[in-house]
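Down below is the structure, laid out as structure tokens.
Throughout, protein chains are lettered first and strands after them, A, B, ... in sequence-line order, and every chain is numbered starting at 1. Owing to the predicted nature of the structure, the values given are computational and were not obtained by experimental measurement.
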There are 2 protein chains.
Amino acid sequence: MRVKRPTSFDIAELAGVSQSTVSRALRNDAMVSEDTRLRVAQAARLLNYKVDVNARNLRSQKTNTLALLLYEDPVTSQSLINPFFLSMLSSITKASARRGYDLLISFQQSSDDWSADYAASKRADGLIFLGYGDYLRYVDKISRLDEVSTAFVTWGPVVAGQPGHFIGSDNVRGAVEAVRHLVGRGRKRIAFLGDISEHCPEFRDRYTGYVQALEEAGLPVIEALYADAAASEEVGHQAILNLIDRDGPIDAVFGACDLLAIGAMNGLRERGLRVPEDVAVVGFDDIVAAPFTAPPLTTIRQDTAAAGELLVENLLRLIDGRPIETTQIATSLVVRGSCGGV
Amino acid sequence: MRVKRPTSFDIAELAGVSQSTVSRALRNDAMVSEDTRLRVAQAARLLNYKVDVNARNLRSQKTNTLALLLYEDPVTSQSLINPFFLSMLSSITKASARRGYDLLISFQQSSDDWSADYAASKRADGLIFLGYGDYLRYVDKISRLDEVSTAFVTWGPVVAGQPGHFIGSDNVRGAVEAVRHLVGRGRKRIAFLGDISEHCPEFRDRYTGYVQALEEAGLPVIEALYADAAASEEVGHQAILNLIDRDGPIDAVFGACDLLAIGAMNGLRERGLRVPEDVAVVGFDDIVAAPFTAPPLTTIRQDTAAAGELLVENLLRLIDGRPIETTQIATSLVVRGSCGGV
DNA sequence: TTGTACGCGTTATCAT
DNA sequence: ATGATAACGCGTACAA
């Protein structure tokens, strides 16, 4: 027994005005006398009227909605999402809510179900891309978005010739800071964990910072201390075991992300090495779990709150046709037990 | 220089059929000859046509979208969301994607910005409520939803007389299992951490299970070993300190959620007590961080993957007017270092 | 199997 | 400051 949903016409009748006036009154849109505004508001409350957003969107060609597309390599994620992105997601949600935008989210599992039609089908006014995934795989699709002038921003490093607008942490500086910290504690044989192929430009930037800090300290960059690794705990675990067993002693590990660092700590423990006494460990991200590991993880914090704000803010600028401003976010070193802290 | 978006009329012209036929062909909806279907599909691809979902939704009175409303007590959450809910969020996203539904998400920060109009304004076909928040505060609003026959499901325990459909873990059994495990390791003075007021019925159920397991083991329920605590790490930390300092020795802690248990472990360490030798600890949830704590946290796992599926599945049933089936999910004990494991 | 005609509920435009 | 009217783009009876 469904009651008919009231329309603006019903409100109009009840308030004794025309339907178009109702529309204006509710939107605070144009000049409406205080008197009628109140009568309309009251009538609306009485009938429990809510604007039909589909009609509104259709007419106004605006959705007041953003879409967040999270993509991760299926290889990397065993049905679990990297905590860092969950944190980003949380801050993006809040940022868009503060701006009065709804947020639609979608996890892209394979590159096939690429449902970036969100904009084309007028489901959203703009798109936010987020992921540690393989960027290369998405470039052509993203270019297509660019061609049809869809508004979108991507979380990540600026890659030469990449279409669209990238916003991200200053990965190079962050990594420099991490490695400087290790060097400052007297570490000399510092392993790097992470995939630095062109598929993972963020990790590549962090590797660049790693090299930079080593050189600046006059330390050699030892190739054997680099271990390719996708972004997960298990992978980090395996990678460090292989590295230790094959290439001998290390006194520190810099993980390109916290999950890798955590995996490494587990591997080190398995080999009877103490953290930080024998091997100091620094990660990158500062995920929620980082303070709770054993020992607590020293890491480079990415300011997800600021990141969410910046992504949303800039996306809205794009939607309005205004120019984008800042695109880089400062990181900060968080010292905990795994290197230099308690 | 924006190009005009193609409409179904444009496709119709290009394919040499009527607009209504285009609509049918694209929806695979009615009888359409293979021939015309192909011509239409080709024309659509050529013009890069996408259905305007607002028009579609308006016309069909269906959105193919679900809304996820996450609410947490502002007291409890200092701008950080409980990892458990992030995990739920992730699984719900996937579940609804699998069903071909878009997901709209919203974090309810205060009870004021109660934007549960998602259904009333035809933004979504159904709602999912999720939260460790104060249930009582939401009951009346939820009742109103029930009155206007909005389709919605709530993650949580079944509370007598509560409107709507609740779906959740079997908190009592889970807690029983947790405490049995502690008892089985010879623990006798087992503290309980968590708010068991009517505001937190889930925690209350877990307390019920705690009491049940103690009684079944012939152990006394010692009131002094209960500590009220909201769901956060800091609160757990403080609570255990107070409890130890005031009420003397304990040999185990059962935290109503993992964050509380983790906080407790930190507090115990601060007082020089070893986990699990001096005090064994068991949590509830099995959040992402649980395996990484020191020692790894023994806990009751809530099957978030199954939960997400069940919530979405049942919500869709409600939307279709079909009856709801299962509403309880089994938990499982995960033994790790903090009690009985390595 | 396909075409015709209308309506979904709102916002925009042009009057007054 | 308000009213009348025309779109917005698609789905669906109904007719053919």
Side-chain angles (χ1 to χ4, degrees), chain A residues 2-41 43-44 47-65 117-125, chain B residues 2-41 43-44 47-65 117-125:
Chain A
R2 175 159 294 172
V3 184
K4 182 189 170 300
R5 242 175 60 89
T7 73
S8 49
F9 282 94
D10 302 322
I11 311 299
E13 192 175 340
L14 188 60
V17 293
S18 81
Q19 177 270 336
S20 63
T21 300
V22 170
S23 179
R24 287 191 276 250
L26 292 176
R27 300 275 316 148
N28 292 11
D29 209 33
M31 330 113 283
V32 176
S33 78
E34 199 50 31
D35 178 54
T36 53
R37 183 196 307 286
L38 283 176
R39 289 217 316 289
V40 168
L47 298 190
N48 205 346
Y49 168 79
K50 299 284 184 255
V51 172
D52 183 319
V53 294
N54 296 304
R56 184 218 285 291
N57 293 349
L58 172 60
R59 183 59 245 230
S60 64
Q61 300 291 59
K62 230 267 184 185
T63 65
N64 245 273
T65 301
D117 308 329
Y118 282 108
S121 56
K122 294 216 171 303
R123 236 180 287 252
D125 298 330
Chain B
R2 175 160 292 172
V3 183
K4 182 189 170 301
R5 243 175 58 90
T7 73
S8 50
F9 283 94
D10 301 322
I11 310 300
E13 192 176 340
L14 187 60
V17 294
S18 79
Q19 176 270 334
S20 63
T21 301
V22 170
S23 178
R24 288 189 276 247
L26 292 176
R27 302 272 317 151
N28 293 9
D29 208 34
M31 330 112 281
V32 176
S33 77
E34 199 51 30
D35 179 54
T36 53
R37 184 197 307 285
L38 283 176
R39 288 218 316 289
V40 167
L47 298 190
N48 205 345
Y49 168 79
K50 299 285 183 248
V51 173
D52 183 318
V53 294
N54 296 305
R56 183 217 286 286
N57 292 350
L58 173 59
R59 184 60 246 236
S60 62
Q61 301 291 57
K62 229 265 182 185
T63 65
N64 245 272
T65 301
D117 308 330
Y118 282 110
S121 56
K122 294 215 172 304
R123 238 181 286 253
D125 298 329

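- No engagement by B/V22 is indicated, since no non-hydrogen atom pair under 4.0 Å with the nucleic acid exists.
- Between the side chain of B/D125 and the backbone N or O of B/T63, at least one donor-acceptor pair lies under 3.5 Å.
- Distance alone, capped at 3.5 Å, is enough to place a donor-acceptor pair between the A/D10 side chain and the A/T7 backbone.
- The minimum heavy-atom distance linking B/V40 with B/I11 is given by the pair O-CG2, 3.9 Å.
- The CG-P distance, from A/D10 to C/dC8, rounds to 12 Å in whole Å.
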- Query: Can you give one letter per nucleotide of nucleotides 8-16 of chain D, 5' to 3': B if a protein heavy atom sits under 4.0 Å from the base, S if only from the sugar-phosphate, - if neither?
  - Reply: BBBBBB---
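- The backbone N or O of B/Q19 sits nowhere less than 3.5 Å from a side-chain atom of B/S8 that would complete a donor-acceptor pair.
- Residue B/S33 places at least one side-chain N or O under 4.0 Å from the OP1 or OP2 atom of C/dT2.
- Counting non-hydrogen atoms of other residues, nucleotides and ligands closer than 6.0 Å to CD of A/E13 gives a total of 12 or fewer.
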